[in-house]
Amino acid sequence: MSLKILDSFYEGKAKTLFHTSDPTLIVQYFKDDATAFNRQKFGQIVGKGVVNLAITKALYKLLESKGIPTHFVEALDERRMVSRKVEIVPLEVVVRNRVAGTFAKRYAVAEGTILPAPIVEFFLKKDELGDPLITAEAAIAIGLATPHETAELDRLARKVNEILKAFFLTVGVELIDFKLEFGKLPDGTLLLADEISPDCCRFWEVGTGKKLDKDRFRQDLGGIEDAYQDMLKRVTGG
Ligand SMILES: Nc1ncnc2c1ncn2[C@@H]1O[C@H](COP(=O)(O)OP(=O)(O)O)[C@@H](O)[C@H]1O
Ligand SMILES: [Mg+2]
């Protein structure tokens with residue numbers, strides 16, 4: 001593909017986005033920068049960008065093979081990924097299998113509590129407001145999505161959960177929870193967008209409960225780079 005990378009148009013917390021010579025495609029550059037708690041904590045996780053791109057690529061290939069439409073096109077190199085340009089739905093879709101993170105805090109429920117069935121939550125994607133929890137009804141009322149779209153987000157997120165939960169168990173990891181972003185093509189088609197990586201998932205090693213995700217950074221547990229490399233090896237077998 002003779003795709004030319006043009007100017008950058010968005011500098012995010014973890015990735016930089018570039019226009020390309022094809023107006024329907026963008027390039028995402030995966031950085032090592034890490035932030036937590038709405039940027040109150042920030043630093044670098046050496047090698048993170050490489051790990052996150054490789055894991056995202058492997059998982060998107062798996063999800064595509066199971067019928068989930070994603071924005072993934074191809075990886076140009078270790079840190080640059082071509083994806084279909086979408087209009088991001090300003091809702092972060094979180095799926096939870098066990099209690100952790102903000103859910104544990106919000107309801108004062110012990111971390112690790114197994115939920116009787118997966119829970120899907122929506123958060124308004126707005127850093128200035130601290131990404132607050134939002135109901136589907138409110139999201140529809142303020143024009144962020146249609147009733148059909150919120151139902152689709154819920155359905156797709158649950159399907160992604162079933163596929164990923166099963167996959168991670170085969171590599172000795174329990175998928176505790178994760179965050180997804182979706183986007184729309186100009187014709188309104190919903191695609192899974194952004195990334196799926198240890199930055200936006202909680203992974204606990206089966207048997208030991210060892211955390212293999214960004215919680216090691218949030219909670220200063222140490223061994224963060226090793227945990228990311230461990231996840232890379234498990235997911236890609238490399
Ligand atoms: N295919 C896509 N088209 C357009 N924007 C995208 C696509 N995939 C992800 N994005 C957006 O690009 C940004 C990725 O950079 P990131 O560093 O994660 O940003 P943020 O700081 O907003 O989380 C996010 O805002 C995400 O919503
Ligand atoms: Mg992001």
Side-chain angles (χ1 to χ4, degrees), residues 12-15 28 30-60 62-63 78-79 81 92-106 109-115 118-121 123 125 131 157 160-181 192-238:
K13 297 187 289 287
K15 301 184 283 303
Q28 315 208 28
F30 285 64
K31 304 187 280 185
D32 286 350
D33 297 352
T35 66
F37 314 115
N38 200 12
R39 294 181 203 247
Q40 286 173 54
K41 185 180 176 108
F42 54 90
Q44 291 245 317
I45 300 172
V46 177
K48 173 171 86 80
V50 173
V51 171
N52 286 3
L53 187 153
I55 291 178
T56 296
K57 175 179 160 180
L59 297 180
Y60 277 8
L62 170 69
L63 291 169
E78 283 192 319
R79 287 184 185 266
M81 178 175 113
E92 299 198 338
V93 183
V94 171
V95 185
R96 302 181 182 278
N97 296 305
R98 280 201 202 224
V99 171
T102 59
F103 190 97
K105 230 172 128 180
R106 194 186 319 135
V109 180
E111 180 177 79
T113 305
I114 296 175
L115 295 163
I119 288 175
V120 173
E121 294 177 327
F123 292 83
K125 186 172 155 58
D131 296 343
V160 168
N161 184 44
E162 293 312 313
I163 297 165
L164 294 187
K165 229 174 23 176
F167 167 72
F168 281 113
L169 280 181
T170 69
V171 296
V173 170
E174 189 178 336
L175 180 60
I176 303 303
D177 60 27
F178 58 97
K179 181 268 294 182
L180 299 176
E181 292 184 28
L192 185 57
D194 208 51
E195 64 180 278
I196 305 183
S197 71
D199 273 20
C200 45
C201 301
R202 286 193 173 86
F203 298 127
W204 293 2
E205 185 178 44
V206 172
T208 65
K210 183 182 175 193
K211 294 177 177 175
L212 296 173
D213 56 64
K214 203 168 89 174
D215 268 353
R216 301 202 76 82
F217 171 77
R218 291 190 191 94
Q219 300 169 2
D220 293 318
L221 298 177
I224 178 76
E225 275 93 4
D226 288 348
Y228 274 63
Q229 294 299 329
D230 184 347
M231 282 308 303
L232 174 66
K233 281 206 197 80
R234 288 174 195 253
V235 171
T236 64

Are side-chain N/O atoms of Asn97 and Asn161 paired as donor and acceptor at under 3.5 Å? yes
Going by the rule ring pair (Phe, Tyr, Trp, His ring centres under 6.0 Å), which residues pair with Phe123 if we only count those two or more places apart in sequence or in a different chain? none
Does any N or O in the side chain of Lys48 come within less than 3.5 Å of the main-chain N or O of Asp199, such that one atom is a donor and the other an acceptor? no
Within the distance-only criterion (no hydrogens, no angle test), does the side chain of Arg98 pair as donor or acceptor with the backbone N or O of Ile114 below 3.5 angstrom? no
So, does Lys214 use its side chain to make a donor-acceptor pair with the main chain of Cys200 at under 3.5 Å? no
Close side-chain approach of Val160 to Val95, heavy-atom, < 4.5 Å: no
Pair Lys233 + Asp230, salt bridge at N-O below 4.0 Å: no
Test item: Lys31 side-chain N/O and Gly12 main-chain N/O as donor-acceptor pair under 3.5 Å: yes
Should Lys211 and Phe203 count as side-chain neighbours, where that means a heavy-atom distance under 4.5 Å? no
Less than 4.0 Å between a side-chain N and a carboxylate O, is that true for Glu111 and Arg202? no
Do the side chain of Asp177 and the main chain of Val94 share a donor and acceptor less than 3.5 angstrom apart? no
Check Asp194 with Lys179, please: is the shortest side-chain N to carboxylate O separation under 4.0 Å? yes
With Phe167, which residues qualify under ring pair (Phe, Tyr, Trp, His ring centres under 6.0 Å), at least two apart? none
Could you tell me whether Asp33 and Arg39 make a salt bridge, using a distance below 4.0 angstrom between a side-chain N and a carboxylate O? no
Please walk me through it: do Leu212 and Arg234 pass side-chain contact (heavy atoms from CB on, under 4.5 Å)? CA-CA 11 Å; Leu212 296 173; Arg234 288 174 195 253; 4.0 Å; yes
With a 4.5 Å limit on heavy-atom distance, are the side chains of Glu195 and Met81 in contact? no
Quick one: are Leu192 and Tyr60 in side-chain contact, heavy atoms under 4.5 Å? yes
Any sub-3.5 Å donor-acceptor pair from Glu225's side-chain atoms to Val46's backbone N or O? yes
